[in-house]
2 protein chains.
Amino acid sequence: MDVHVRDLRYFVAVAEELSFTRAASRLFIAQPSLSKQIRQLETLLRVTLFDRDHRSVALTAAGAALLPQARLIIQQWEAAQCEISHVVTAGRMTVTVGFHTRIGRGLTAGVTARMATLLPGWKLLFRQVSWSDPTVGLASGDVDVAIAWLPMPDNREFSWRVVATEERWVALPVGHRLAAQEVVPLDELADEPFIALPRTAGQLREFWLGNDQRPAPARVVAEAETAEESLEAVGSGLGLVLLSSGNAEIYQRDDIVCRPVAGLTPSELAVVWRARDERPALRVVIDACARCLCDQPGAMTPAG
Amino acid sequence: MDVHVRDLRYFVAVAEELSFTRAASRLFIAQPSLSKQIRQLETLLRVTLFDRDHRSVALTAAGAALLPQARLIIQQWEAAQCEISHVVTAGRMTVTVGFHTRIGRGLTAGVTARMATLLPGWKLLFRQVSWSDPTVGLASGDVDVAIAWLPMPDNREFSWRVVATEERWVALPVGHRLAAQEVVPLDELADEPFIALPRTAGQLREFWLGNDQRPAPARVVAEAETAEESLEAVGSGLGLVLLSSGNAEIYQRDDIVCRPVAGLTPSELAVVWRARDERPALRVVIDACARCLCDQPGAMTPAG
DNA sequence: GACATCCATAGTCGCAGGCTATAGCCGCAT
DNA sequence: ATGCGGCTATAGCCTGCGACTATGGATGTC
């Protein structure tokens with residue numbers, strides 16, 4: 001007589017999209033699977049949740065009643081996971097910092113030093129997280145503080161401080177026709193093949209394809225889970241990728257050339273944490289990260 | 001990355017019992033299944049929830065953190081189910097009254113009449129619920145008001161009013177040696193075979209075996225889901241059952257004789273509802289039920 | 001009228017989640 | 001000391017869930 005929280009998540013997705021097809025693609029499952037699961041949920045509750053015909057899907061009264069409750073349960077479950085990892089890290093006196101791409105910029109040494117004086121006995125752990133998790137491990141509780149490129153998924157769960165603003169550059173295989181130019185105009189990239197972040201990365205994927213500024217979406221020829229993977233693909237001539245000017249420096253390779261792209265807004269690097277996570281140890285780490293990385297300091301609250 | 005609410009229920013059971021074996025039997029599953037599920041939950045959360053050795057089971061810090069959260073989620077899920085059935089019954093303008101055994105006592109007519117004047121347009125639905133659900137359908141939301149014999153499961157979820165107090169009698173097959181006596185002393189039933197309610201009925205099962213007053217538990221030879229089933233079993237000579245004096249009258253059969261039992265406290269019939277269910281329509285029905293049934297009125301709040 | 005879109009159905013496959021039987025550890029009683 | 005009882009863990013088995021692909025049928029659009 002009990003649900004799987006996953007099924008509630010499915011339900012919420014359908015309720016939000018009011019389309020099985022769209023919801024399924026958002027959830028990265030096939031549409032028939034989703035239909036089946038929703039039907040099963042309806043059987044469990046002995047209630048019709050959606051009025052569906054061939055053209056439209058609408059919430060019933062029962063569905064409307066379930067929706068806020070389902071959201072609450074999902075949120076409660078995520079809170080429980082965080083609570084547990086808090087307890088665990090508190091027991092270990094450890095703060096975990098997550099990142100998608102190498103950070104460099106002297107962060108590790110700087111934060112470690114600051115921690116040694118302000119939080120004696122505590123340890124710092126750095127963990128690389130796949131791009132397929134756009135929250136850099138914050139949502140699952142694996143990570144307490146993330147160094148992440150904006151945009152973040154824009155619900156109210158996260159707070160951040162922008163700590164650096166860097167141009168978006170493009171990485172090209174050596175010998176690429178565009179490598180001859182000092183600066184590459186965005187138009188020139190229109191027909192080039194690109195390596196993308198995984199679909200689950202959401203907005204971040206679009207941003208690092210430059211789709212926020214292009215007239216037409218980039219042509220995607222492959223997906224990569226990490227910076228290392230994507231640069232490997234660039235090196236082998238599979239396609240191009242965008243990256244921040246700072247990362248262009250950090251990830252220097254013999255088989256790759258990086259060039260500024262004219263016509264793209266810069267990228268913002270931020271220190272991100274869970275808005276409701278108010279542990280003092282965390283504040284120390286956030287502050288230390290910001291001090292180490294800041295060249296253009298500025299505080300932000302969750303995006304709108 | 002999501003849980004099944006069932007697994008949280010399993011976790012809570014183990015945390016409360018601090019024993020896999022006892023928790024498993026409380027959950028009506030095999031112990032290895034439970035061990036496996038808990039281990040799987042631990043894998044999902046990447047945390048040890050219990051410190052177990054061959055003699056003892058104890059919550060870890062992480063487990064202690066999860067426990068209240070898990071209870072909350074389970075409770076929220078149950079609330080969601082109730083919410084839905086409220087919406088559905090409100091849409092239908094229907095109140096469902098659940099019962100384990102025939103009620104008789106003029107309830108149906110009385111309540112229907114009262115409803116017609118106080119809640120025009122509303123309908124009353126009576127539904128028999130199997131003994132295997134000791135909450136008479138209240139927990140699942142199938143039922144809004146229950147006419148039930150005490151004791152109810154003693155959490156704080158339910159409120160009730162006792163509406164009748166009746167002696168406990170015993171039902172014997174005609175020709176049984178004890179049928180000759182006008183009153184049967186409890187001692188005489190010590191070695192008799194008994195038909196029991198299902199194990200899931202909990203305390204109610206014990207009560208209707210008379211185990212609350214016996215020096216040694218009754219000998220159970222069979223289980224029955226409903227009164228009809230159990231009296232069928234008595235009629236065929238399989239064993240005996242206890243029943244209230246009122247039900248002895250309602251369920252008269254040619255092949256059965258009912259006799260008062262000396263040495264048993266009386267049984268209490270109550271009108272029960274979900275403590276947090278404050279719909280006005282419900283109050284009308286509760287009140288109508290109480291008025292129809294009451295011979296010894298008295299109000300109670302949840303048991304302690 | 002052909003096509004695109006969208007939900008439902010059918011059939012397939014792997015694993016989850018239940019079961020029984022049994023092993024292994026420990027404490028207690030004989 | 002030895003054996004028994006109580007507990008959890010492991011192994012092996014079976015069923016059904018929850019994914020997938022392919023396809024069907026209804027309904028607007030060009």
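The chains referred to below are lettered A, B, ... by the order of the sequence lines, with proteins before strands, and numbering in each begins at 1.
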Can you say whether the rings of B/H100 and B/W131 are parallel (under 30°), tilted (30 to 60°) or perpendicular (over 60°)? perpendicular

By nearest atom, which of the nucleotides D/dT8, D/dC7, D/dA19 is closest to the A/S33 side chain? D/dA19

Roughly how far, to the nearest 0.5 Å, is the OG atom of B/S236 from the CG atom of B/L231? 10.5 Å

Out of C/dT9, C/dA16, D/dA19, which nucleotide sits closest to the side chain of B/Q40? C/dA16

Check: C/dA8 base within 3.5 Å donor-acceptor of A/Q31 side chain: yes

Select one nucleotide: of C/dA8, D/dG18, C/dG17, the one nearest the side-chain heavy atoms of A/K36. D/dG18

side-chain hydrogen bond (donor to acceptor under 3.5 Å, both in side chains) partner of A/D2, chosen from B/R6, B/H4, B/R9: B/R9

Atom-pair distance (CD on A/Q37; C1' on D/dG16), nearest Å: 12 Å

Would you mind classifying the nucleic acid contact of A/S19 as base, sugar-phosphate or nothing, using non-hydrogen atoms under 4.0 angstrom? sugar-phosphate

Under 4.0 Å, heavy atoms only, any strand: does A/T21 hit a base, just the sugar-phosphate, or nothing? sugar-phosphate

So, does A/R39 get its side chain near the phosphate of C/dA8, meaning an N or O under 4.0 Å from OP1 or OP2? yes

Please report the distance, rounded to the nearest Å, between CG in A/L18 and P in C/dC6. 13 Å

A/I29 side chain: which of D/dA19, C/dT20, D/dA9 is closest? D/dA19

Let's see if you can work this out: which of C/dC19, D/dT10, D/dG18 has an atom nearest to the side-chain heavy atoms of B/P32? D/dT10

Could you state the CD1-P distance from A/I38 to D/dC17, rounded to the nearest angstrom? 17 Å

Measure the spacing between CD of A/Q213 and CG of A/L264 and express it to the nearest 0.5 Å. 5.5 Å

A/L34 atom CG is separated from D/dC17 atom P, nearest whole Å, by 17 Å

Between D/dA19, D/dT8, C/dT9, spot the one nearest the side chain of A/Y10, thanks. D/dA19

CD (B/Q203) with more than 12 external heavy atoms under 6.0 Å: no

Pair A/E42, A/T48: side-chain N/O donor-acceptor within cut-off below 3.5 Å: no

Return the orientation label for the B/F50 and B/F20 ring planes: parallel under 30°, perpendicular over 60°, tilted otherwise. perpendicular

With A/T96, which residues qualify under side chain to side chain donor-acceptor pair (under 3.5 Å), at least two apart? none

Compute the bend angle of the helix from C/dG1-D/dC30 to C/dT30-D/dA1 from the end axes (five pairs per end), rounded to 10°. 10°

Separation of B/D7 atom CG from C/dG17 atom P, in whole Å? 6 Å

Interatomic distance where CD belongs to B/E42 and C1' belongs to D/dT8 [whole Å]: 13 Å

Protein-nucleotide distance (A/D51, atom CG; C/dC7, atom P), rounded to Å: 14 Å

To the nearest Å, how far apart are A/F50 CZ and C/dC6 C1'? 15 Å

Counting any heavy atom closer than 4.0 Å, what does B/R6 reach on the DNA or RNA strands: base, sugar-phosphate only, or nothing? sugar-phosphate

Taking OP1 and OP2 of D/dT8, is either one under 4.0 Å from a side-chain nitrogen or oxygen of B/S35? no

